[in-house]
S.K.: 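The structure's right below; bear with me while I get my questions together.
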Amino acid sequence: MTPHDSDTTLEADTLAALERIAGTDVLLVALDFDGTLSLLQKEPMKARMLPEARAAVDALAALPRTVVALVSGRTIEDLAVISEHADDSPIDMAGSHGAEFLIAGERIAVAEEDPAAVALRDELRSRAEGELADLDGVWVEPKTYGFGVHTRAASDDDAARALETADAMVAERAPEWRRRTGHSIVEYSFRQEGKDAALRVLRERLSATAVLFAGDDTTDEDALGSLTGDDLGIRVGEGDTAAAVRVPDAATLSSALAVLARLRAVATAEAAPARE
Ligand SMILES: O=P(O)(O)OC[C@H]1O[C@H](O[C@H]2O[C@H](CO)[C@@H](O)[C@H](O)[C@H]2O)[C@H](O)[C@@H](O)[C@@H]1O
């Protein structure tokens with residue numbers, strides 16, 4: 001029996017791609033969180049990894065010459081909560097789309113704190129909270145480098161009004177901020193880094209010989225579009241993508257990660273750990 005004989009949900013091209021990358025020397029498995037490892041939830045802090053995803057991530061992280069990193073738009077603090085990240089976890093994290101990291105337990109920001117930018121963030125965030133307070137189902141999420149406007153629980157009209165208001169406010173006071181759209185969210189940030197930057201940092205620190213990245217959203221395309229050579233990009237769900245492989249949903253991605261863990265265990269048997 002091969003490591004994936006029991007799996008019937010994966011397409012042949014997905015299995016072939018997993019077999020290929022499982023044999024690389026030093027593997028970075030970089031994974032988006034919301035919509036990729038977890039299902040999308042109405043209340044953002046209730047998101048958790050699917051149980052099969054959790055098991056596969058833990059299995060991969062325990063293997064030699066294999067590092068798992070969560071690469072998310074969330075702040076590092078929120079990502080630690082929703083991923084139930086223990087202090088001694090071997091799993092690395094990139095937060096705020098690649099502008100902050102927790103690597104091997106060490107907290108790393110990509111730049112010194114800029115007091116003027118932080119003051120503007122606080123001003124715009126509290127203005128947004130005030131101006132959007134009357135719109136049912138709209139929520140302003142505090143972010144390390146800006147804020148997000150959630151509209152998942154709002155009517156179409158209230159969602160449109162919320163985004164119009166926030167867009168106008170940011171265009172007037174902070175036109176240089178990066179604007180990102182995601183699933184029922186628009187985010188505004190004074191840092192420009194995308195998930196491609198996160199992969200660059202993680203790949204270099206590890207000297208990875210190949211990177212697998214999986215994601216479900218437009219913000220993940222920064223990372224998927226940056227992959228080269230022996231890397232593998234997996235798009236979860238629909239939408240234009242630069243990924244080589246697509247799986248229909250987070251549950252199927254969990255199965256793919258479980259297969260990868262089994263293939264990688266065989267490939268790395270008796271190999272020395274990448275981080276010693
Ligand atoms: O990069 P990700 O890990 O995918 O994070 C992207 C954003 O995820 C969160 O919002 C999304 O998930 C919520 C929970 O399922 C959902 O309610 C919301 O509609 C989605 O947009 C998070 O709240 C954001 O900060 C992240 O940037």
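Just so you know, ligand 1 is whichever comes first in the structure, and atom 1 is the first atom listed for that ligand. No experiment lies behind these values; they were computed from the predicted model shown.
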S.K.: Exactly one of V68, L79, L202 should register a side-chain contact (heavy atoms from CB on, under 4.5 Å) with M93. Which one does?
M.R.: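 Testing each of V68, L79, L202 against M93, the sole residue satisfying side-chain contact (heavy atoms from CB on, under 4.5 Å) is L79.
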S.K.: Please report which non-hydrogen protein atom sits nearest to atom 26 (C) of ligand 1, along with the residue it belongs to and the distance in Å to one decimal place.
M.R.: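 Nearest protein contact, heavy atoms only, for atom 26 (C) of ligand 1 is K143 NZ, 3.6 Å.
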S.K.: Could you go through residues 108-121 and list every donor-acceptor pair under 3.5 Å that involves a side-chain atom there, pairing it with any protein atom two or more places apart or in another chain?
M.R.:
unit_1	atom_1	unit_2	atom_2	d
D114	OD1	A116	N	3.0
D114	OD1	A117	N	3.4
R121	NH1	T144	O	2.8

S.K.: Considering only NZ, NE, NH1 and NH2 on the basic side and carboxylate oxygens on the acidic side, decide whether E187 and R179 come within less than 4.0 Å.
M.R.: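 Salt bridge between E187 and R179, a charged N being under 4.0 Å from a carboxylate O: no.
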S.K.: Contact between D217 and ligand 1, counting heavy atoms under 4.0 Å?
M.R.: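 For ligand 1, residue contact (heavy atoms, under 4.0 Å) with D217 is absent.
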S.K.: Which residue holds the protein heavy atom closest to atom 4 (O) of ligand 1, what is that atom called, and what is the gap in Å?
M.R.: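 Protein heavy atom with the smallest distance to atom 4 (O) of ligand 1: D32 OD1, 2.5 Å.
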S.K.: Name the closest protein heavy atom to atom 3 (O) of ligand 1, giving the residue it belongs to and the distance to 0.1 Å.
M.R.: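 Ranked first by proximity to atom 3 (O) of ligand 1 is S72 OG, 2.7 Å.
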S.K.: Using a plain distance cutoff, I'd like to know if T219 has any nitrogen or oxygen under 3.5 Å from a nitrogen or oxygen of ligand 1.
M.R.: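 The answer is no, given that T219 and ligand 1 share no N or O pair closer than 3.5 Å.
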S.K.: Give yes or no for whether the N/O distance cutoff of 3.5 Å, strictly under, is met between E43 and ligand 1.
M.R.: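 Checking ligand 1 against E43, no N or O pair falls under 3.5 Å apart.
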S.K.: May I ask which of H183, R180, E141 has a heavy atom nearer to atom 23 (O) of ligand 1 than the others do?
M.R.: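 Minimum heavy-atom distance to atom 23 (O) of ligand 1 goes to E141.
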S.K.: Does a sphere of radius 6.0 Å around CD in Q41 hold more than 12 heavy atoms from other residues, nucleotides or ligands, not counting ones at 6.0 Å or beyond?
M.R.: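 It does: Q41 CD has more than 12 such atoms within range.
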S.K.: Under a 4.0 Å heavy-atom limit, does H150 contact ligand 1 with its side chain, its backbone, both, or neither?
M.R.: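 Answer for H150: side chain.
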S.K.: Taking atom CZ as the centre, does R161 end up with more than 12 heavy-atom neighbours from other residues, nucleotides or ligands that are less than 6.0 angstrom away?
M.R.: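 No.
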S.K.: Which residue and atom name correspond to the protein heavy atom nearest atom 22 (C) of ligand 1, and how close is it?
M.R.: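 Among all protein heavy atoms, the one nearest atom 22 (C) of ligand 1 is R74 NE, 3.4 Å.
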S.K.: What is the minimum heavy-atom distance between T75 and P142, and which atoms define it?
M.R.: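 So the minimum-distance heavy-atom pair works out to CG2-O, 4.2 Å.
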S.K.: Using the side-chain contact (heavy atoms from CB on, under 4.5 Å) rule, pick out the option among L37, T36, D32 that qualifies with V236.
M.R.: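 For V236, the side-chain contact (heavy atoms from CB on, under 4.5 Å) check succeeds only for T36.
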S.K.: Tell me, which protein residue and heavy-atom name are nearest atom 17 (O) of ligand 1, and how many Å apart are they?
M.R.: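 Ranking protein heavy atoms by distance from atom 17 (O) of ligand 1, first comes Q41 O, 2.5 Å.
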S.K.: Heavy-atom pairs closer than 4.0 Å: do any link ligand 1 to the side chain of K46, the backbone, both, or neither?
M.R.: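 K46 to ligand 1: no contact under 4.0 Å from either part.
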S.K.: Can you tell me which residue and heavy atom of the protein come closest to atom 7 (C) of ligand 1, and the distance to 0.1 Å?
M.R.: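 Nearest protein contact, heavy atoms only, for atom 7 (C) of ligand 1 is D34 OD2, 4.1 Å.
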S.K.: Which of the numbered atoms in ligand 1 are under 4.0 angstrom from any heavy atom belonging to L40?
M.R.: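 Per the distance check, 12 (O), 15 (O).
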